Amino acid sequence: ESNHGHDEEEPKSSSKQKRPSLLRSALRARNRVKDRRQSYIGSASHPPASETSEIFLGTTWMNRLVLEMQTCLEDLDASTEYPCLEKWACIVYESMSAPSRTFHSVQHVFDISIEANSIQKLAAYFHDIIYYSIDGGLSEDQDALIGDLICEKDGVVSIVKGETFENNILMMMDIFGFDAGKVLDPFKGMNEFLSAALAVRCYQDVLGPVHLAQIAACIEATIPFRKLDAEGKNPIECLFERMVKVNDTYNLKLVEIELVKSAQLAADLGNRDLGNFATPERAVFLSNTWNLLPESNISLRNTTVFRISNFANALQKMTGFFEYLDPEDIFQSFRNAEYEAIMAKKTEAARQNIHVALSYMNCKRLSIAVVAAIAELTGGDAPLALFLGDLPERHHVSTSIEDLIYCCDREPDPGVKLDRRVFELLNHGRESESNFDIKNSPLAAYIYSLIGTDGIDRCMKFAVHPMDKEHAFGVLKALPMECVATIVAACAEIAITRRYALDKMMKNLRANN
């Protein structure tokens with residue numbers, strides 16, 4: 001059974017522990033290859049038995065999907081052959097390894113299924129398999145499985161009318177509360193509905209209606225950030241009521257305690273899916289948040305050409321999302337007081353993470369607004385690298401803004417209030433680099449150290465997108481001259497084609513200051 005009070009992450013092994021374990025796994029694999037090779041060219045009539053069910057450090061994503069799916073099916077008294085398991089694993093792997101996936105990847109599937117039960121795992125493998133708008137619609141394999149369920153006209157996707165679907169699909173639709181003809185909203189369950197349909201179409205030749213219903217319910221519960229309905233019911237309470245009706249309509253013969261357990265498993269998977277919001281390590285939280293940016297901002301997927309305006313737009317959208325997000329809408333519970341108390345703690349942790357993230361992103365937004373203002377007043381928008389330098393690459397290192405602007409850990413000037421949590425994240429960085437941004441933010445850290453939280457708040461009215469000359473002058477005049485001079489001098493060192501214009505701009509600023 002799943003740990004419904006799932007609150008602890010699997011302990012992370014150090015690299016020193018991982019290396020010997022990986023070497024042992026590789027040695028065992030090499031010995032198996034040697035034995036099998038000998039059986040092919042020797043006198044043995046059959047290859048030797050191998051540890052095909054072993055999931056060890058170094059197992060490929062594809063093999064791990066196959067072996068874990070197989071184990072889950074066996075746990076549910078079901079089974080299928082390798083060709084079928086391979087087909088499922090391929091569609092999950094290929095779907096979640098698309099170039100558009102920078103957070104919702106195969107790794108995410110395994111992250112949220114640690115210590116989950118078999119129903120939850122089988123749901124987790126498919127719960128994010130479709131991101132319709134992000135991936136550009138259905139892939140060829142996805143379309144072959146569920147293309148008959150939907151139609152698209154003028155960019156609007158809806159469930160087809162007039163078709164007779166099999167009972168398992170109708171049951172899944174009832175679990176979601178969706179009817180034929182419904183327009184699918186990407187922010188209100190489109191992706192989860194299509195992912196559940198794909199899971200049902202894959203699993204229905206192996207699993208019965210009860211297990212299919214429970215898997216669909218788990219995927220439905222991963223629709224995020226939903227508020228109470230008009231009657232004050234939370235999404236899991238609504239899901240439970242639909243499951244009760246589905247139980248009667250499709251004669252699933254589940255008793256109430258089984259229906260309650262199904263809803264609890266669904267709530268738990270939904271909470272696992274959003275568990276990053278409650279992580280105690282804010283650098284990790286922000287790293288994962290940053291990995292989401294390219295999924296909704298195509299320009300950031302190409303790390304060599306995105307412009308200042310592209311980055312400003314992405315930051316503005318992400319900030320708007322966090323401003324809108326209510327921490328109370330993240331984690332859910334159902335008829336379990338102990339689990340509800342755990343989720344309350346997670347909600348409070350999420351509240352703190354969101355608060356820090358908003359402050360962090362406002363600092364980033366202001367720093368990019370300053371660069372956008374400098375660009376606007378000296379020739380217009382350009383690749384961000386023109387002013388800040390190239391992102392580091394394996395075979396290429398160049399001068400960048402962090403080489404020219406250094407922000408030490410000194411105490412701020414009197415009257416300047418800093419949130420040390422935000423400053424540490426800006427100065428020392430998120431947990432990891434992203435493909436489009438270095439993990440620390442030297443420019444934002446420098447500005448924040450000089451003007452503090454109040455200064456950031458005061459200047460944010462000028463951090464508009466798209467940038468115009470009025471706001472460009474406004475943001476540069478709102479900052480201390482020392483700050484602007486330092487940033488512009490650094491940009492002039494990197495952006496050699498704008499040096500004359502930068503010098504002229506600074507003369508105008510000083511004359512009008």
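Throughout, numbering of the chain's residues begins at 1 and tracks the sequence. Just so it is clear, the values below take in all heavy atoms, side chains as well, and ignore hydrogens, waters and symmetry mates. Keep in mind the model is a prediction, meaning the values are calculated, not measured.
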Decide, yes or no, whether a salt bridge links Arg282 with Glu424 under the criterion of side-chain N to carboxylate O below 4.0 Å.
no
Verify salt bridge (Lys or Arg N to Asp or Glu O under 4.0 Å) between Glu348 and Arg351, making sure each step is shown before the conclusion.
CA-CA 5 Å; Glu348 184 54 37; Arg351 192 185 312 279; 3.3 Å; yes
Kindly compute the distance separating OG (Ser262) from CE (Met243), expressed to the nearest 0.5 Å.
4.5 Å
How far does CG of Leu315 sit from SG of Cys363, to the nearest 0.5 angstrom?
11.5 Å
Which heavy-atom pair separates Phe462 from Met467 by the least distance, and what is that distance?
O-CE, 3.6 Å
Say whether, by atom type as modelled, one donor and one acceptor occur between the side chain of Asn234 and the main chain of Glu237 under 3.5 angstrom.
yes
Measuring only between side-chain heavy atoms, which start at C-beta, is Glu340 closer than 4.5 Å to Asn336?
no
How many angstroms lie between CG in Leu325 and CD1 in Ile354, if you round to the nearest 0.5 Å?
4.0 Å
Could you go step by step and tell me if Leu184 and Ile159 meet the side chain to side chain contact (heavy atoms under 4.5 Å, CB included) rule?
CA-CA 7 Å; Leu184 297 176; Ile159 302 173; 4.0 Å; yes
Just checking Tyr93: does its OH atom have more than 12 heavy atoms from other residues, nucleotides or ligands closer to it than 6.0 angstrom?
no
Can you pull out every side-chain hydrogen bond (donor to acceptor under 3.5 Å, both in side chains) where at least one residue sits in residues 498-510? Sequence neighbours excluded, please.
Thr378-Arg498
Under a 3.5 Å distance rule, please check whether Asn310 uses its side chain to pair with a backbone N or O of Arg307 as donor and acceptor.
yes
How long is the span from the CG atom in Asn271 to the CD atom in Gln264, to the nearest 0.5 Å?
11.5 Å
Side-chain contact, heavy-atom cut-off 4.5 Å: Ser309 with Glu376?
no
Can any side-chain N or O of Arg226 pair as donor or acceptor with the backbone N or O of Ile236 at less than 3.5 Å?
no
Would you indicate whether the side-chain heavy atoms of Leu450 and Leu479 approach each other to under 4.5 Å?
no
For Asp419 and Tyr448, what are the C-alpha separation, side-chain angles and deciding distance, and is it a side chain to side chain contact (heavy atoms under 4.5 Å, CB included)?
CA-CA 10 Å; Asp419 184 330; Tyr448 187 48; 3.5 Å; yes
Give, for atom CD1 of Ile456 and atom CG of Leu366, the distance between the pair rounded to the nearest 0.5 Å.
4.5 Å
Judged by modelled atom types alone, do Thr222 and Asp273 share a side-chain donor-acceptor pair under 3.5 Å?
no
Side-chain (Ser400) to main-chain (Asp390) donor-acceptor, under 3.5 angstrom
no
If you define the side chain from C-beta out and look only at heavy atoms, does anything of Ile494 sit under 4.5 Å from Phe387?
no
Check for a donor-acceptor pair, side chain of Asp154 on one end and backbone N or O of Val156 on the other, with a separation under 3.5 Å.
no
So, for Pro442 and Glu402, which heavy atoms are closest and what is the spacing to 0.1 Å?
CG-CB, 3.4 Å
Checking the side chain of His127 only, and the main-chain atoms of Ala124 only, is there a donor and an acceptor separated by less than 3.5 Å?
yes
Search all heavy atoms of Gln332 against all heavy atoms of Pro235 and return the closest pair with its distance.
OE1-CD, 3.6 Å
In terms of heavy-atom contacts, does NZ of Lys227 have more than 12 from other residues, nucleotides or ligands at under 6.0 Å?
yes
For Phe225 together with Phe277, are the ring centres under 6.0 Å from each other?
yes
For side chain to side chain contact (heavy atoms under 4.5 Å, CB included), just list the numbers for Ile175 and Ile219, CA-CA rounded to whole Å, side-chain angles, deciding distance to a tenth of an Å, and then say yes or no.
CA-CA 10 Å; Ile175 288 170; Ile219 296 176; over 6 Å; no
For Asn191 and Tyr132, the nearest pair of non-hydrogen atoms, with its separation, is OD1-N, 2.7 Å
Side-chain contact, heavy-atom cut-off 4.5 Å: Phe193 with Met172?
yes
Can you see which heavy atom on Ala312 is nearest to which on His465, and at what distance?
CB-ND1, 4.0 Å
Evaluate the side-chain proximity of Ile487 to Ile447: yes if any heavy-atom separation is below 4.5 Å, no if none is.
yes
Rounded distance (nearest 0.5 Å) linking atom OG of Ser441 with atom CD1 of Ile368
8.5 Å
Of the non-hydrogen atoms in Cys491 and Leu502, which two are nearest, and what is the gap between them?
C-CD1, 4.0 Å
Check the orientation of Phe240 and Phe334. Use parallel for under 30°, tilted for 30 to 60°, and perpendicular for over 60°.
tilted
Is Ser449 reaching over with its side chain to a backbone N or O of Tyr446, donor-acceptor style, under 3.5 angstrom?
yes
Does the Tyr125 side chain pair with the main chain of Ala199, one donor and one acceptor, at a distance under 3.5 Å?
no
Say whether Ser95 and Gln142, considering side chains only, have a donor N or O and an acceptor N or O under 3.5 Å apart.
yes
Is the shortest side-chain heavy-atom distance between Val484 and Met506 below 4.5 Å?
yes
Would you say the side-chain atoms of Gln120 pair up with the backbone N or O of Leu265, donor to acceptor, closer than 3.5 Å?
yes
Using 30° and 60° as the class boundaries, would you call the ring planes of Phe110 and Trp61 parallel, tilted or perpendicular?
parallel
Ignoring hydrogens and angles, tell me if any N or O in the side chain of Asn362 forms a donor-acceptor pair with the backbone of Ser359 under 3.5 Å.
no
Output, in order, the C-alpha distance, side-chain angles, deciding distance and verdict of side chain to side chain contact (heavy atoms under 4.5 Å, CB included) for Leu476 and Leu377.
CA-CA 10 Å; Leu476 296 180; Leu377 297 176; 3.8 Å; yes
Any side-chain heavy-atom pair of Ile401 and Val371 under 4.5 Å:
no
